[in-house]
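Scroll down for the structure; my scribbles are underneath it.
All ligand and atom numbering here is 1-based and tracks the order in the structure.
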Amino acid sequence: MLAERLRTLAPSSTLAVQAKARELRARGVDVISFGAGEPDFDTPQRIKDAAIEAMRRGQTKYTEVGGVPELRAAVCAKFRRDQGLAYEPADVLISVGAKHALFNWVVAQIDPGDEVLVPSPFWVSYPEQLRLVGGVPVAVPTAERTGFDLDPAALRRAVTARTKAIVLNSPNNPTGAVFSPRALEEVARLVVERDLFVVSDECYEALTYEGRHISIASLGPELKARTLVVNTCSKAYAMTGWRIGFAAGPRALIRAMTDVQSQVTSNPSSIAQWAAVEALSGSQDEVAKMAGEFDRRRRLIVAGLNALPGVSCGMPKGAFYAFADVSGLFGRTWTAPDGARTTLRSSLDVTAFLLEAARVAVVPGLDFGSDAHVRLSYATSDALIREGLERMGAALGLL
Ligand SMILES: Cc1ncc(COP(=O)(O)O)c(C=O)c1O
């Protein structure tokens, strides 16, 4: 019944955890979730007001496929303001979230058999989207001792005659790495030398707490000509549900991606686009406030995780995830209240144990390319972070 390409689409083990958490909640068990990939803040009022105004003005019809000119101009102004990057509206595409922009990219540029280097750990959708169009994702490890910084030498070794592109994601989901200027410059040299293309997913740019966010596209005209920069309103403006992402890059590629979008979704919601104009162009005060709050919470959660026996966690520099090494728990055995004994051997086992024994939901690292880790989102209140850590501490005492 299903297409061949669906054979390779990995069912997400994170969904299994979420389903289990939902089932427990439905039975009245209160589960603390560190699973969310979205800010716990509300969308700022000025942005909601802009959406209401757009509806009042009747801006409720189809728009240009690639987004209203005002939003593409606002995206250009954002790139100039934050990265010193000069794009024109024709170099910009507005999509239904960054995820959609990335999918438009794989359809527009990746042929079956093309290899794409994906530094690992990685965001789960890159390999899945690539495989859907017959691309070959090649995971290139980064090391925890470097704070999961890019490893230019490993990337160089991974390049073959079939390598078409590299996907960079800084600040990184799930590791929280902010790639160093030195590593980015080395990768930039490799890209030009080997005539590669770069997709730079900068969705967490506004949530950079240490180091400085650098777009590889800003490292010179040769890089800008070979880079698609992808960003979103989702994280910086707490707008995950509005579904506005954007991409900027070489005009021919943007045109091709827009053509793909024209046959699949047409424009993103007109109302959400006008909200995004306000998000990008209005006062950026709330962004800094939210980032300050996440910065404080990351210290709270990382200190708490490192106090747990068998768990260690480096300090993330950006985004809102702690990526904790739980391999110190492997080999320990847990006896459930019903007498069932389980020896923890993987991130999935640890995730299931924390859910059952601590009523805490985390995401297994396996899907992100590391079975030694679990991911915890700290986009949640101090009180829940404290309570979740306490519950985990008590559960680990049972091992
Ligand atoms: C690294 C990364 N890229 C892209 C996205 C997609 O964001 P959206 O489609 O909401 O713009 C996410 C969301 O979790 C992400 O973590």
Side-chain angles (χ1 to χ4, degrees), residues 12 14-15 18 33-41 43 47 67 71 75 78 92-106 116 118-130 137 139 142 148 150 165-179 198-208 213 215-216 227-248 257 261 264-265 267-269 272-273 275-276 279-280 287 290 294 316-323 363 365 367-370 375-380:
S12 165
T14 61
L15 288 186
Q18 280 163 13
S33 178
F34 291 111
E38 59 184 356
D40 55 326
F41 298 95
T43 306
I47 298 173
L71 180 51
V75 166
K78 177 253 173 293
V92 170
L93 168 65
I94 313 297
S95 297
V96 185
K99 189 179 266 185
H100 182 212
L102 288 162
F103 192 66
N104 286 329
W105 166 66
V106 296
V116 177
V118 184
S120 168
F122 43 75
W123 182 50
V124 291
S125 294
Y126 305 133
E128 295 309 326
Q129 291 195 347
L130 285 163
T142 61
F148 298 103
L150 275 184
I166 306 182
V167 175
L168 302 182
N169 173 217
S170 178
N172 188 274
N173 174 8
T175 66
V178 171
F179 296 156
V198 182
V199 169
S200 183
D201 178 341
E202 305 180 4
C203 286
Y204 294 94
E205 171 204 356
L207 306 175
T208 304
H213 170 78
S215 174
I216 194 165
T227 303
L228 182 75
V229 182
V230 176
N231 208 323
T232 181
C233 290
S234 288
K235 318 284 174 174
Y237 305 104
M239 287 178 69
T240 47
W242 299 72
R243 310 308 301 129
I244 295 291
F246 47 93
M257 290 167 59
Q261 182 162 304
V264 182
T265 57
N267 60 277
S269 152
Q273 287 189 60
L280 294 169
V287 184
M290 190 169 69
F294 287 145
K317 294 188 163 120
F320 42 63
Y321 307 104
F323 202 52
V363 181
D367 281 355
F368 302 98
S370 172
R375 191 194 76 173
L376 297 92
S377 162
Y378 51 89
T380 189

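Every residue two or more places apart in sequence or in another chain was checked for a salt bridge (Lys or Arg N to Asp or Glu O under 4.0 Å) with Lys99, and none qualifies.
Taking OG of Ser95 as the start and CZ of Arg243 as the end, the distance is 10.5 Å to the nearest 0.5 Å. We find the CH2-CG distance between Trp123 and Asn172 to be 12.0 Å, quoted to the nearest 0.5 Å.
In this structure, Ser170 and Ala177 approach most closely via the heavy-atom pair OG-O, 3.9 Å.
Aromatic ring centres of Tyr204 and Phe294: separated by at least 6.0 Å.
Near ligand 1, Gly97, Ala98, Lys99, Trp123, Tyr126, Asn169, Asn173, Asp201, Cys203, Tyr204, Thr232, Ser234, Lys235, Arg243 each place a heavy atom less than 4.0 angstrom from the ligand.
Around atom NZ of Lys235, more than 12 heavy atoms belonging to other residues, nucleotides or ligands sit under 6.0 Å away.
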